[in-house]
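Excluded from the calculations below are hydrogen atoms, water molecules and symmetry mates; all remaining heavy atoms, backbone and side chain alike, are included. Chain naming here is simple, since letters A, B, ... match the order of the sequence lines and numbering starts at 1 in each.
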2 protein chains.
Amino acid sequence: MTETAPRPTLEAVAARAGVSRATASRVVNGGDGVREPLVERVRRAVEELGYVPNQAARSLVTRRHDAIAVVVAEPETRVFADPFFALQLRGISKELTAHDNQLVLLLTEGRDDHARVGRYLAGGHVDGALVFSLHLDDPLPELIQRAGVPTVFGGRPGWSDGTSGVVYVDSDNRGGAREAVRHLVGLGRTRVAHITGALDQTSAVDRLDGFRDVLADAGPRLVVEGDFTPAGGERAMRELLDRCPDVDAVFAANDLTAAGALRVLRERGRRVPDDVAVIGFDDMLPVAEQTDPPLTTVRQDIEEMGRLMARLLLRGSASAGVVLPTTLVRRASA
Amino acid sequence: MTETAPRPTLEAVAARAGVSRATASRVVNGGDGVREPLVERVRRAVEELGYVPNQAARSLVTRRHDAIAVVVAEPETRVFADPFFALQLRGISKELTAHDNQLVLLLTEGRDDHARVGRYLAGGHVDGALVFSLHLDDPLPELIQRAGVPTVFGGRPGWSDGTSGVVYVDSDNRGGAREAVRHLVGLGRTRVAHITGALDQTSAVDRLDGFRDVLADAGPRLVVEGDFTPAGGERAMRELLDRCPDVDAVFAANDLTAAGALRVLRERGRRVPDDVAVIGFDDMLPVAEQTDPPLTTVRQDIEEMGRLMARLLLRGSASAGVVLPTTLVRRASA
DNA sequence: AGCCGGTGTGAGAGCGCTCTCGGCGCCGTC
DNA sequence: GACGGCGCCGAGAGCGCTCTCACACCGGCT
């Protein structure tokens, strides 16, 4: 951690350009109200000296940091390791970069980390926070709200009834689920089942609600609880086949679950989609394209969600929740 | 982006504790050379006021930032979207957190971004950088080296001959490949093929070298180039079967490639592992465990790689390259 | 010619912190 | 009992920047 070479200060730039520090500062910050010849001189001095503003000094007086925190509260490896998060990050990064903001990443696991993150955010080190907290009982969101930092949530927080002033970006889980189920019904399937996600997450609940919107009369036999993992999908699919051997379609809460289900179906000799049609959710490419057969699924534009979150935060928009549309991607499984 | 409530300053803490600002500062920074009763008073004042040091002010004078940048140069969605990167990030995050450092994430795609990152790093906003640059011809690493920021690379940079003073952390790609191939040979396989990764990445080259270490006499017929993607694996596997129908084992450069190969093998009616044994690389769980049959593969401790990178950077260690061991994970495919 | 509004520029204060340095009290030593 | 040394504390400078404010200057008006 050695020191880098001494960097030129604004003072040096001003001296070289033959102007005052104040004028140099003005030019560096856009150059409004400075006459052209001086602007030019200062610009050249900046160039020649390789001047880069000292962000710390600037923050000290402006009280802005041009940095936002991305908080990922994820106790489980699973979600963290899936491409979902990576894609959102990418969207966020693009938007932040476009506005010259830095991205400070805070990963948490466990209670101590919560306190740490709370302290960090309350410490005013960043101008805002993007928070991913997927579990209903997660204490982190509240902690963050209390820190008084502008915040946008990724996915509807469980405790938000939708209009409590919480800003979030979510995809249309319910609508996407409806579309998937309608598609199955449209295929002429009469025994359509649903394997849910982990029901402590709003996305899982919303997808289940979407399923019920279309098949309000679906017996409890046809709804079995999963947990968003392939293993959960396998278990649920087995249970489903035992309870209801004549099932002819399955809407799985996500692609991983669908992948598990597909495996069990093959193992039990059911042909997909001939005997049983299967639809997933997410369009997680490495999974959805690699299943056998390739998975029909509901796509959400994950990267766009990230972008939008960043945009909302930077704009300081006070809008409540934003819900992005989903689209059905037809492949071979349904 | 509204202002947060005015935060207490060190001055305020000092006043409340009845000491000077200097003493308060000393206590906040460890409390050496301050007598116990005063330490106690200051600590209480900090507590009561909810004081959090202003990092900007501190950086301004110390010229340290307690922040390091993680630079991910990844033009392609593929690598970014795989769990590999996420796990490394997690390892890095843990280590940094333990040392009270922040993680600034810089994602780049394209030349403009390179310049931006170069400027940022040269700007002295962070104390160091962890760089992931997987391609041989990537200009970014050089750019960064020139920025004069302490840097640790993730994976051996292509232009590093190993002892040029470049600090990096890699896993033992070559050794892992050897182990995999030896395992196949040990199974009695006599026609062992290799589907390579994208050969503009050192990891792919090293794995190929490992293959050749064991099977120096493997004809060129048995080595076919892939690109680390499932599609590439499929293509390569087809080519392999055409060229050499009696192949009885395949060492694929990574799990995704292996997954593609498995699909083609099934399609062509080859049984795995009976007719053809398959081994992957990475032990990327969502993939390796979900293939049919579950994939035997070479595991690398990705999270530990991340940790180690961070540790090396923070310690300012000048050691050159560190290579982590791999282990063969036996599942059903070989 | 004198006044006035507007526009450009410079001087200087001060953001919140760290760190050096000098002072002061207390100990041990002769 | 005087003195050097050491340990603890406070005063104050200054990190590099922004921003307010005063001032200089210019043109157009009376």
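- Projected onto DNA chain D by closest heavy-atom contact, B:V61 and B:V19 fall at different nucleotides, the more 5' of which corresponds to B:V19.
- Within 3.5 Å, a donor on the side chain of A:R21 pairs with an acceptor on the base of D:dT18, or the reverse.
- Residues B:M309 and B:F132 are in side-chain contact: their nearest non-hydrogen atoms beyond the backbone lie under 4.5 Å apart.
- Annotation: the span from A:L89 atom CG to A:E303 atom CD amounts to 10.5 Å, rounded to 0.5 Å.
- Residues B:Y51 and A:L38 each lie close to DNA chain C; by heavy-atom proximity, the contact nearer the 5' end of the strand is made by A:L38.
- Considering only side-chain atoms of B:R63, the nucleotide from C:dC19, D:dC17, D:dC15 that sits closest is D:dC15.
- Distance check: A:T202 OG1 to A:R156 CZ gives 5.0 Å after rounding to the nearest 0.5 Å.
- Summary of the strand contacts: A:A56 and B:A24 both lie near DNA chain D, and taking for each the nucleotide with the nearest heavy atom, the more 5' one is attributed to B:A24.
- Of the candidates D:dC17, D:dA11, C:dT18, the closest approach to any side-chain atom of B:A22 belongs to D:dA11.
- When the side-chain nitrogen and oxygen atoms of B:N54 are compared with OP1 and OP2 of C:dC15, none of them lie within a distance under 4.0 Å.
- In the set D:dC15, D:dC19, D:dC9, the nucleotide with an atom closest to the side chain of B:R35 is D:dC9.
- Dashed line: the shortest gap from a side-chain N or O of B:S25 to OP1 or OP2 of C:dC17 is not under 4.0 Å.
- The B:T23 side chain lies nearest to D:dC9 when the options are D:dC17, D:dG14, D:dC9.
- In this model, the phosphate group of C:dG16 is not approached by any side-chain N or O of B:T9 to a distance below 4.0 Å at OP1 or OP2.
- Below the 3.5 angstrom threshold, one finds no donor paired with an acceptor across the side chain of A:R26 and the base of D:dT18.
- For the 3.5 Å distance criterion, the side chains of A:N29 and A:R58 qualify, holding a donor opposite an acceptor.
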